[in-house]
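To keep things clear, I will list the structure first and then write my remarks on it.
Chain A is the first sequence line, chain B the second, and so forth, proteins listed ahead of strands; every chain is numbered from 1.
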There are 2 protein chains.
Amino acid sequence: MSRTPSNGTKASSSNGTGTGTAPVRTLDDLAALSGVSRATVSRVINGGPVSEATRRRVQTALEGTNYRPNAAARTLASGRSGVVGVVMHLDPHMLFRDPYFSQLLQGMSDALSEQAIGMMLWLGNRSKEETLDHILWMGLLDGVIATAHEQEDRLVDGLLASSLPTVLVGHRRADPAASYVDVDHVHAADTITTHLVTIGRRRIGHITGRRGTVAGEDRLAGYLRAMRRAGLRTDALIVDGDFNKASGTAGALELLDRGIDGLFCANDAMADGALEAIRVRGLRVPDDVALAGFDDLDFAAQLDPPLTTIRQGVRQLGTEAALTLFQLLKDPAGGPRRVILPTELVIRQSTVGGVQRA
Amino acid sequence: MSRTPSNGTKASSSNGTGTGTAPVRTLDDLAALSGVSRATVSRVINGGPVSEATRRRVQTALEGTNYRPNAAARTLASGRSGVVGVVMHLDPHMLFRDPYFSQLLQGMSDALSEQAIGMMLWLGNRSKEETLDHILWMGLLDGVIATAHEQEDRLVDGLLASSLPTVLVGHRRADPAASYVDVDHVHAADTITTHLVTIGRRRIGHITGRRGTVAGEDRLAGYLRAMRRAGLRTDALIVDGDFNKASGTAGALELLDRGIDGLFCANDAMADGALEAIRVRGLRVPDDVALAGFDDLDFAAQLDPPLTTIRQGVRQLGTEAALTLFQLLKDPAGGPRRVILPTELVIRQSTVGGVQRA
DNA sequence: TTGTACGCGTTATCAT
DNA sequence: ATGATAACGCGTACAA
């Protein structure tokens, strides 16, 4: 080991003499400098019970130095690291194409940096097994936030099975012990489908999200619920998509051939694709086909016509995930936390139309 | 302190009896289990000199447990944490709008996870002073990679002034002691401007990037160099942009009024904006105005007409930054590292045109 | 090759 | 309120 000799233990006798500024790196150095014990210095730094007089003494000594507590030592002694992990294990080319993950990350970073908590990040570079291993291997994390969009996910299973406090985002698991933060996809999809019904559409198609994802399945479920309640038929009105624009175009072409007057796509990207298909067929939105999406990404309002969609506060979702983790850390015995954030129906010209086209 | 009593020291006498599986958490536990000293177990784990026989013995004992080394203890004892910091201190709404940062992050993550190095991330949520403080406060980092696009940046100054091994990305500093990774903006801008000259354009305008950024200034410098070498005039042919699409539209309208037959925008987003301006004026690309951008973002090839631009391997830039940091950590005395990655001129119909329009 | 023993810098307990 | 002092878990000279 190449330890730079720490002054303060014994060599401190040569300190403060005249050989330039003495590097103050440890509590012991600081203790020697201010004439109190190491324990007292620690109390001053961590806000323990100290008399006002000595507190000032130590503070003054502290000012003159660039002392920083050693995080490793602190973690070792206290059992808390002040660092949480964030896991976004996705297809590399999928990550960040959708602003969803960027905003999620920023929301988390907001809340974490607010509390001066560090954030370690794992993306999908390696296999789920290797990633899980690495996360647990660096056992210094206080907790983990993981995006979990697939209904089945070994990485998420592993995290929940470990002793690491874990918060899931974007996913409600069957596991009753799991804490999570999400929006109510079923309810939101029901709402926007009902909107299409309300404006008089009867043959309303649906292009699903990727099957097997919670968002895909739940939005489909919401669509079905609304249609059933309205007494409308759905057979031959549903085609599978995968959340990508291209699948929206393909799915829309198919549905248009079967005759629809309304279309709910499971996300905005596919709605964008559907828009092209509708244009190719020479039909008008919303006159011939009323169109709705989901997410309210930036571009949704820029489309021609602007897209009716569901807005979810993704950034807030991230913030809420971090706050939920804080709760979990504060009271580990308090049982799992579940947070469902509200969504908002944003009505634009792709359904209520009539307004001028640019 | 709420320490869970570690078995192994003395309580280990009650271990392995019949009271369920004994939790093996420390090297001491493992040592007791395999009948060797703790030091030997440590050597097995870290690949030290151990006889093949005992190595197998320990390995076998290891298999049965879910032992994980304690990162904090390891860091404290060795002085290395296996964690590096990544700093992307930007305007929140700017971050990740441009895929530049996503790809950079992924490139870094590639190289870091490859070496099982952890990655801590700081975004621009708080002030540069607070961010710097927090980074140094958690003194457990082995090194830092920081994006530095402004020519002046107190955060970068602070990192370089600290004792943390630091690699800058996207920025060459005057500071001769700084290690960095970047592309040669001047050369690339010169190349693409020269391309416009080569195809016969004479009144070539330029919309700059945000002034004060290295990319903005250097791309301008490259444009000027190419124009001067070609003996062309540039007065009244340069307007300031800010890398955003809107400034491209505004700048282009201005330049079109002054009469240009070529236009080099400092990035693709502004070229996209310029395209709209040209269309508004009823002009054709490239017949009336040849248009060029910089970055080769995904959408550049999708524009109508597809955009001639400069491709930089952003993801590779991130990877290279991580590798450079590794070098720095391996040989701290080796002096600063500088890496310049090559760029590529991508010629499309916005300059060579003539091909069919969709 | 293996074991002994010390040190890493801090927190927290227990006296005073 | 303050000061000793024992952990925390691991790496590594040094000795054997």
Margin query: Of the options dG3(D), dG11(D), dT10(C), whose atoms approach the side-chain atoms of A39(A) most closely?
Written below: dG3(D)

Note to self: Considering every strand and a 4.0 Å limit on heavy-atom distances, what is the contact class for T75(B): base, sugar-phosphate, or nothing?
What the structure shows: nothing

Note to self: With a 4.0 Å limit, can you tell me whether T40(B) has a side-chain N or O closer than that to the phosphate oxygens OP1/OP2 of dG3(C)?
What the structure shows: yes

Notebook entry, point to check: To the side chain of R43(A), which of dG3(C), dT13(C), dT10(C) is closest?
Noted result: dT13(C)

Checklist line | Main-chain N/O of E320(B) paired to T324(B) side chain as donor or acceptor, under 3.5 Å | finding: yes

Notebook entry, point to check: Mapping R38(A) and A53(A) to their closest nucleotides on DNA chain D, which lands nearer the 5' end?
Noted result: A53(A)

Next item on the list: Just compare dT2(C), dA1(D), dC10(D) and give me whichever is closest to any side-chain atom of S51(A).
Entry: dA1(D)

Notebook entry, point to check: Toward the 5' end of DNA chain D, which comes first, S42(B) or R55(A), by nearest nucleotide?
Noted result: R55(A)

Check: Has the side chain of S127(B) got a donor or acceptor atom that lies under 3.5 Å from a matching backbone atom of E130(B)?
Finding: yes

Notebook entry, point to check: Pick the nucleotide of DNA chain C nearest each of A73(B) and T54(B); which residue has the one closer to the 5' end?
Noted result: T54(B)

Notebook entry, point to check: So, W122(A) and H134(A): side-chain donor and acceptor under 3.5 Å apart, yes or no?
Noted result: yes

Next item on the list: Take atom CZ of R57(B) and atom C1' of dT2(C), then tell me their distance rounded to the nearest Å.
Entry: 11 Å

Check: Counting side-chain heavy atoms from CB outward, which of dC10(D), dG9(C), dA1(D) is closest to L76(B)?
Finding: dG9(C)

Note to self: Can you measure W137(A) atom CH2 to dG9(D) atom C1' for me and round it to whole angstrom units?
What the structure shows: 14 Å

Item checked: Distance in angstrom units between D28(A) CG and dC8(C) P, rounded -> 9 Å

Next item on the list: Would you kindly give the CG-to-P distance between L27(A) and dC8(D), to the nearest whole Å?
Entry: 19 Å

Next item on the list: Quickly work out the D29(A) CG to dC8(C) P distance and round it to whole Å.
Entry: 11 Å

Note to self: Checking contacts here: which listed nucleotide (dG11(D), dG3(C), dC8(D)) is nearest the side-chain heavy atoms of S37(B)?
What the structure shows: dG3(C)

Next item on the list: Determine: side-chain N/O of Y67(B) to OP1/OP2 of dG9(D), distance under 4.0 Å, yes or no.
Entry: no

Note to self: Checking Q316(A) against T319(A): is there a side-chain donor and acceptor pair closer than 3.5 Å?
What the structure shows: no

Next item on the list: Figure out the CG/C1' separation between L140(A) and dT10(C), and round it to whole Å.
Entry: 16 Å

Next item on the list: Please check if the side chain of S34(B) supplies one atom and the backbone of L30(B) the other of a donor-acceptor pair under 3.5 Å.
Entry: yes

Next item on the list: Could you tell me whether the phosphate oxygens of dG9(C), OP1 or OP2, come under 4.0 Å of any side-chain nitrogen or oxygen in R74(A)?
Entry: no

Note to self: Taking the minimum atom-to-atom distance to the side chain of N70(A), which one of dG9(C), dC14(C), dT2(C) wins?
What the structure shows: dG9(C)

Next item on the list: Looking only at side-chain atoms of T26(A), point me to the closest of dC10(D), dG3(C), dG9(C).
Entry: dG9(C)

Notebook entry, point to check: Can you check the N46(A) CG to dG9(C) P distance for me, whole Å?
Noted result: 17 Å

Check: Does R126(B) offer a backbone N or O that forms a donor-acceptor pair with the side chain of H89(B) under 3.5 Å?
Finding: yes

